[in-house]
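Below is one structure, written out as structure tokens; comments come after it.
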Amino acid sequence: MATKLSKSFYTRSDVTLIARELLGKVLCTNIEGILTSGIIVETEAYSQRERASHAYGGKRTPRTETFYNDGGISYVYMCYGIHYLFNVITNWHHTADAVLIRAIEPLEGKEDMLLRRGMNKMTHRIAAGPGSVCKALGIDRSHNGLDLGKDIWIEDRSITYKKSQIIASPRVGVDYAGEDAKLPWRYRVKDSPWVSKAK
DNA sequence: CAGCAGATTGACT
DNA sequence: GTCAATCTGCTGC
């Protein structure tokens with residue numbers, strides 16, 4: 001049984017709750033006629049209340065405009081000039097919260113993921129890490145600010161993890177955020193070989 | 001308008 | 001373990 005998550009899933013106010021609930025959901029893309037999908041096994045929460053977010057303190061710049069929409073749309077941006085990172089905007093249009101998808105376990109379209117990644121056999125690194133996820137699923141800047149539903153969407157296939165299987169830890173790569181860098185807003189599935197390397 | 005730093009990755013010493 | 005790759009958008013002059 002596969003159901004697309006409804007808008008009301010994303011517009012709730014507790015971004016860390018949404019980040020946790022997204023574990024086990026299935027991220028699907030249909031880009032250039034190629035269907036690929038995978039179970040979300042690692043996420044991070046970002047809120048305008050803390051400095052690690054681009055939209056900290058409600059800051060508005062051309063790049064963060066996407067945050068100020070209702071939940072349920074995509075936020076894709078380029079980092080280090082090389083990698084795309086895929087986020088889901090949550091909360092309502094006055095609050096700039098988002099969940100970063102960091103790792104998936106491939107389901108459909110594995111061959112195409114390998115092709116996009118330039119790999120010839122399936123390894124646990126195929127979509128471990130936010131840049132890798134985007135590359136494997138074919139997500140790029142043109143998918144920024146889209147409603148989740150047509151090219152990119154998330155399904156509930158009744159996969160759930162127990163609380164004891166979900167590990168919360170500090171986020172990586174956000175040291176510049178000072179004290180906020182210590183918030184345990186990174187969530188991953190315990191013992192999953194598909195998550196990115198823990199630091 | 002120039003300079004800089006970044007929610008990363010993968011190749012190399 | 002260390003470091004370069006490479007582009008966008010923000011900050012400051």
Side-chain angles (χ1 to χ4, degrees), chain A residues 10 15-16 18-20 22-23 27 38 40-69 71 73-91 95-106 113-146 148 152 154 167-189 192-199:
Chain A
Y10 304 104
V15 64
T16 64
I18 296 173
R20 273 171 281 157
L22 280 175
L23 296 175
L27 176 62
I40 298 169
V41 291
E42 186 174 346
T43 62
E44 278 182 12
Y46 284 88
S47 154
Q48 69 171 37
R49 291 188 301 279
E50 42 89 21
R51 284 189 289 279
S53 171
H54 293 157
Y56 170 58
K59 182 167 66 172
R60 294 187 85 116
T61 65
R63 183 168 68 164
T64 61
E65 275 306 303
T66 308
F67 279 92
Y68 299 93
N69 287 289
I73 69 166
S74 60
Y75 170 53
V76 182
Y77 93 102
M78 170 155 277
C79 186
Y80 298 101
I82 308 176
H83 305 290
Y84 296 109
L85 276 68
F86 173 72
N87 299 247
V88 179
I89 298 295
T90 68
N91 220 316
T95 316
D97 291 348
V99 176
L100 169 69
I101 308 298
R102 290 190 58 87
I104 63 167
E105 173 180 340
M113 292 192 201
L114 288 173
L115 217 59
R116 284 168 176 155
R117 295 272 285 132
M119 303 169 82
N120 37 32
K121 71 180 172 86
M122 185 55 73
T123 75
H124 60 90
R125 300 171 45 99
I126 185 72
S132 305
V133 170
C134 287
K135 203 166 182 187
L137 294 179
I139 297 170
D140 65 40
R141 260 179 74 76
S142 69
H143 303 102
N144 184 37
L146 297 182
L148 296 181
I152 304 172
I154 299 176
I167 298 173
S169 58
R171 293 163 297 178
V172 297
V174 293
D175 292 340
Y176 59 87
E179 283 298 306
D180 289 332
K182 295 176 184 155
L183 291 171
W185 283 8
R186 178 188 187 198
Y187 304 101
R188 62 200 156 88
V189 177
S192 170
W194 303 100
V195 302
S196 62
K197 199 172 104 189
K199 232 182 194 172

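So that the names make sense, note that chain A is the first sequence line, chain B the second, and so on, each numbered from 1. Values below: all heavy atoms of this structure, side chains included; hydrogens, waters and symmetry mates excluded.
Contact check, A/Thr61 against C/dG9: no side-chain N or O comes under 4.0 Å of OP1 or OP2. Put simply, A/Arg125 has no side-chain N or O that comes within less than 4.0 Å of OP1 or OP2 on B/dT8. A sub-4.0 Å separation between OP1 or OP2 of B/dA7 and a side-chain N or O of A/Arg186 is absent. OP1 or OP2 of C/dT11 sits under 4.0 Å from a side-chain N or O of A/Lys59.
The side-chain contact (heavy atoms from CB on, under 4.5 Å) test with A/Leu100 is passed by exactly one of A/Val133, A/Thr43, A/Asn87, A/Val88: A/Asn87.
For the pair A/Tyr46 and B/dA7, the ring geometry qualifies as stacking, because the centroid separation is below 5.5 Å while the planes lie within an angle under 30°.
B/dT8 atom P lies 11 Å from atom CZ of A/Arg171, rounded to whole Å. Between the P atom of B/dA7 and the OH atom of A/Tyr187 lies a distance of 19 Å, rounded to the nearest Å. Look at CZ on A/Arg102: it is 12 Å from C1' on B/dT9, rounded to the nearest Å. A/His54 places its NE2 atom 9 Å from the P atom of B/dT8, with the value rounded to the nearest Å. The OH atom of A/Tyr77 sits 7 Å away from the P atom of B/dT8 (whole-angstrom rounding). Distance, A/Lys135 NZ to C/dT6 P: 12 Å, rounded to whole Å. Separating the OH atom of A/Tyr84 from the P atom of C/dA5 is a distance of 19 Å, rounded to the nearest angstrom. In this entry the distance linking CD of A/Glu42 with P of B/dT8 reads 11 Å, nearest Å.
If you check B/dA7, B/dT9, C/dA5 against the side chain of A/Ile82, the one that comes closest is C/dA5. Taking the side chain of A/Arg141 as heavy atoms from C-beta on, and the options B/dT8, C/dT8, C/dC10, the nearest nucleotide is C/dT8. Residue A/His83 places its side chain closer to B/dT9 than to any other of B/dT9, B/dA7, C/dT6. Distances from the side chain of A/Met78 to the nucleotides C/dG9, C/dA5, C/dC7 place C/dC7 closest. Side-chain proximity of A/Pro62 to the nucleotides B/dA7, B/dG10, C/dC10 is greatest for C/dC10.
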Report task. Test A/Ser192 against A/Glu105 for side chain to side chain donor-acceptor pair (under 3.5 Å), laying out the working first. Result -> CA-CA 9 Å; A/Ser192 170; A/Glu105 173 180 340; 4.8 Å; no
Query - Steps toward side chain to side chain donor-acceptor pair (under 3.5 Å) verdict (A/Asp140, A/Ser142) - result: CA-CA 6 Å; A/Asp140 65 40; A/Ser142 69; 2.6 Å; yes
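For A/Arg117, the CZ atom is densely surrounded, since the number of other residues' heavy atoms within 6.0 Å is greater than 12.
Backbone-only contact: A/Ser132 has heavy atoms under 4.0 Å from sugar-phosphate atoms and none from a base.
Pairing for B/dT8 goes to C/dA5, judged as Watson-Crick or G-U wobble with the two contacts each under 3.5 Å.
Between A/Tyr84 and A/His143, the ring centre distance reaches or exceeds 6.0 Å.
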